[in-house]
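Being a predicted model, the structure only gives us computed values, none of them experimental. Just so we're on the same page: letters track the sequence lines, and every chain starts at 1. The basis for the numbers below is simple: all heavy atoms, side chains too, and nothing from hydrogens, waters or symmetry mates.
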Amino acid sequence: DTPFDFDELAAEGCMVGHGGILAFDERTDMRALASHLLEFGAHESCGKCFPCRIGLKRAFEMVDSPGPVDRPRLEALLETLELGSLCAHGGGMPAPIRSLIEHFPDELGLSGGELPTEEPEDPYSRRPEERREDDPGDR
Amino acid sequence: MSERFEATTTTTCGYCGVGCRLEAHRADGRIVSISPAMDGPANKGHTCVKGRFAHQFARSRDRLTAPLVRESGGFRIASWEEAIARVTEAFTRIKAEHGPDAIAGLASSRATNEDCYVMQRLMRAAIGTHNIDNCSRVCHSPTSFALRKAFGLSGATGSFDDIEAADAALLIGVNPTQGHPVVGARIKQAAIRGLKLVTADPRRIELADYGQLHLGIRPGTNAALLNGLAHVVIRDGLVDRDFVEKRTEGYDAVAELVAAYTPENVEEITGAPAAGIERAAHLYAEAERACILWGLGVTEHLYGSECVQLICNLALLTGNVGRPGAALLPLRGQNNVQGSSDHGALPDTFTDYRPVTDDAVTSAFEERWGVTMKRERGMKIPEMFDAAVDGSLKAMYIFGEDVAQTDPDTTHVIQALESLDFLVCQDIFETETTKYADVILPASAFLEKTGTFTNAERRLQLVSASAEPPGAARTDFEILTTVSRALGHDMGYETPSDVMDEIAEMTPRYAGISHERIGRAGLQWPVAPDGTDTPILYTDRFELPGGRAHFAPLPYKPPGDQADAEFPLILVTGRRLEHYNAGTMTRRTGNLELMSSDWLEVHPADAAALGVADGQEVAVRSRRGMIRLPARVTERIEEGHVFTAFHFPEVRTNLLIGPSADVNTSCPEYKVVAVSVQPIGAERSAPAPARAEPMVPAD
Amino acid sequence: MRVEVDGRGVEVEPGATILDAATAAGSYVPTLCFDERMAPFGACRVCMVGMEGADAPVAACTTLCREDMRVTTDEATARRIAAATVELVLSELPEPPAPHTELARVADFLEIGEPRWQGERRRPSHDRRHPYLALQHELCISCGRCVRACDEIQGAFALTATGRGFGSGITAGLDSGFTNSTCVSCGACADTCPTDAITEGSLLELASAYTEEPGGGV
């Protein structure tokens, strides 16, 4: 029920990309899909810029390993990829993951709830000793 | 980066004449690492395998750590008091019996300006003779001679920064990526960025691969090439008329002379194609800013000094001097070959090349030092050895130079050393020369002393001690001033900085120089009293009467040696990156692991004709001697020529080299030697000479 | 032209980068792949700064100044991205960077301690065939400085970037080591390396003595 057009798709947080459409039925494991996309992204990274070279690998490892996925950490990592990457590969790979987070938070096994909208308590800007206390994510 | 180190001292490299500024890092009480100073004006944060890594020699077990005196055919350790008493007693006795001119001294182009100045003062004031020289005699003395004749001053007309500012550059008889690696890297980068590079050399040097044009010329034909280039510049209307008219003298004679040097005639002599000669002339002369760089491939010839004058002609024809990007840059061999001569360690000149025959100059030094001096020049190095052999020279003080290893005609040198009544050597290692000494004084390496070196850009840079001399070894400054005091002439200096203050006081062109002003950036002489230095010389006048530069109409003359039926190939010698001169320093470091032996470069066509395979041992014979080494078949060398270096005394390359030398300056002709090459299997059993002393150019 | 960095106006030449302007203005911007002797590379993304009018942080080393540009070097998002990136870099290494290294200093400046990422790390692989230069591949962060120093300072072209993605690294020659490459042993690679992935072998022996202290390892 969304026309296949640039503006229409963009309004849904999606894009035309290369023009292909992948269809998934309701039995698809969305975490496995996220894992597959990130593995692909990490594999295709050229390795020049640091966020993409390491970040996609870490994002894949987060989603691929068992247990809940720390949503604030994942979203912070996606932001690093989006804003830090040199080219559209690292910058664009977060898009489908963001979409999965938005539409299938439970299937992804996210934990940690929404990121606060104001004055983000950014885990990266805190000192390591502070981080450990309130950062149960993958420890 | 400093936490790892106890201390870091900025100093100046003691290898080649580029003058890299280095950071010497100490830990555990010793120098553990050296890195380039990011603000070094010549090296700009870079250095080479020698400057950066080859410093272990200073901690070698072979270092001299105590004075040695001769006793019953050998040496024994002595106290400083005894060693200096022996020197004083011998010099005093010989001076009383034979006069001061029976004594001669050699300063070192490896030592600081202050050391060299103190050494010449020791000879001139404490002993009373102008018999003082240094080893620039065997490398760039032709450059000094020619630049003074053409322009007035003995030094590069510009700076290495002119390389990046230039549109074109002509490299002749120099292989910077091996001999002067940091300048080599700068030239290579400039060429990659668009500098139009022309190389002329008997070898296809690495930089030829980055240039517009390479001229593979026969050794000893530089003069023909340079006159041919001048011919094309004049023929094709590329002369800077305005510059020639306003700032030079003698153009007409040169124009007349070079008329015969058509590209075709020059091709005949040099072997370089006529079209290439024309193109090279256009590349150089049509550039708005162009530099010429040269090395010992120009100077170490029978007519080396004349070739440098012809280089000056080319620059004058095109107005390529005295402007940014338009410099004449001789690449000086040793770290302080410029400064040792600048500071009066020459038999005919005081500081700044002011002649001892100039009464006003000599009087000023007499007054300053409280002595009287002759108005006639002293002996040059070869004259000293002749005088020793004929018995008129009785004693020598040789400081930081291994003449028995590095000077030509070794048999003669050894005979001279053996003839002396008394020889004192001051060095960091026992050498071939110290074998003939009566007293050996243990001195300091560049990492252990304080003072200044002057690089190939005329830039004085500070040398700061980052280690202590080992054992009882002392700094050269301390030794020389102590000897002078013992001889009754107290120089009154407390530190090398005091020496520089005296130099500045006594030398108008160096008036503004002091250690404090040199600081981290260095100073390029002339330096005005207010400290203003001179990166570019001759911006509006030349330092000759009338302010005009002089053209020199000099024809091509054949080199001192020629190939013939018996010796059909021409040997050229030179340097390799990993080693330095006789290898005294680099062979005591890990550089030996990087290059452990030498080889002879042979062109594939010659190799095929001679039946020499790559890697095969060959015998190389000249009219003077024979050596053996493995061959390496390569197209880097022109057909008809072979090449090897001179860093390995066991190869004894310089056994092959004859007594021929530059007509004006006595600089030996190390670069043209007719030889034959045979695979070792075909060689008749010719035993190696029983006592074979290599002669190595100590540039 | 005139630009403003952290509230301070500076004059810069046309063609100057934001990093040049920040340096001129006395504002420190952390970097890992930058060396003033070489052309900017833009790979590490640690020099991110805030630029007025831009919707996202920009890399200071590769962004040219424009007239009246206003830059904030410690803008919150930019610093967040820079810190996250350096934490990712630390997460690759088998051990924390040695204290004297540039990486350790940048991590310290951005107040990053032990990285929280627990994934795959680089495996130790050493090459000590050269008499002076030691290669420690596991410490390589693929900043490309050694490769560019070899190309742009020395011109020996002996080092090459290899692999891709997480497997990126450098190699001397064709995996043949320094001595069997076109390397001229100038040491420019070791001088510029921000992690000791290439360093002087003798310094490693010296360092091994002083890092033997409690808490020195991971």
Could you report the tightest heavy-atom contact between C/G155 and B/Q189, atom names first, then the distance? N-NE2, 3.3 Å
Under 4.5 Å from a heavy atom of chain B, the part of C/A149 involved: neither
Enter the distance from B/L594:CG to C/F178:CZ here, rounded to the nearest 0.5 Å. 11.5 Å
So does C/E13 have more than 12 non-hydrogen atoms from other groups sitting under 6.0 Å from CD? no
Sub-4.5 Å side-chain heavy-atom contact between B/F5 and C/H100: no
Give, as side chain, backbone, both or neither, the part of B/E23 having an atom under 4.5 angstrom from any heavy atom of chain C. neither
When only pairs under 4.5 Å are counted, which of B/R186, B/E578, B/Q56, B/R193 shares the most heavy-atom pairs with chain C? B/Q56
Decide if atom CZ of B/R30 counts as having more than 12 heavy atoms of other residues, nucleotides or ligands within a radius under 6.0 Å. yes
Can you measure from CD (C/E36) to CE (B/M38) and round to the nearest 0.5 angstrom? 8.0 Å
Measuring heavy-atom distances to chain C, does B/T177 have an atom under 4.5 Å in its side chain, in its backbone, in both, or in neither? neither
Please report the interatomic distance SG(C/C186) to CG(B/L577), rounded to the nearest 0.5 Å. 9.5 Å
C/L203 side chain near B/H25 side chain, heavy-atom distance below 4.5 Å: no
What is the distance from atom NZ of B/K188 to atom CG of C/D151, rounded to the nearest 0.5 Å? 10.0 Å
Below 4.5 Å, heavy atoms only, C-beta onward: do B/P36 and C/D191 meet side chain to side chain? yes
Heavy-atom cut-off 4.5 Å, strictly under: side chain, backbone, both or neither for B/L592 against chain C? neither
Under a 4.5 Å heavy-atom cut-off, does chain C meet the side chain of B/K44, its backbone, both or neither? backbone
Measuring from C/T101:OG1 to B/R4:CZ, what's the distance to the nearest 0.5 Å? 8.5 Å
Heavy-atom proximity to chain C below 4.5 Å, by part of B/N591: both
Let me know if C/Q154 has heavy atoms under 4.5 Å from chain B in its side chain, its backbone, both or neither. both
For C/D196, is it the side chain, the backbone, both or neither that has a heavy atom under 4.5 Å from a heavy atom of chain B? side chain
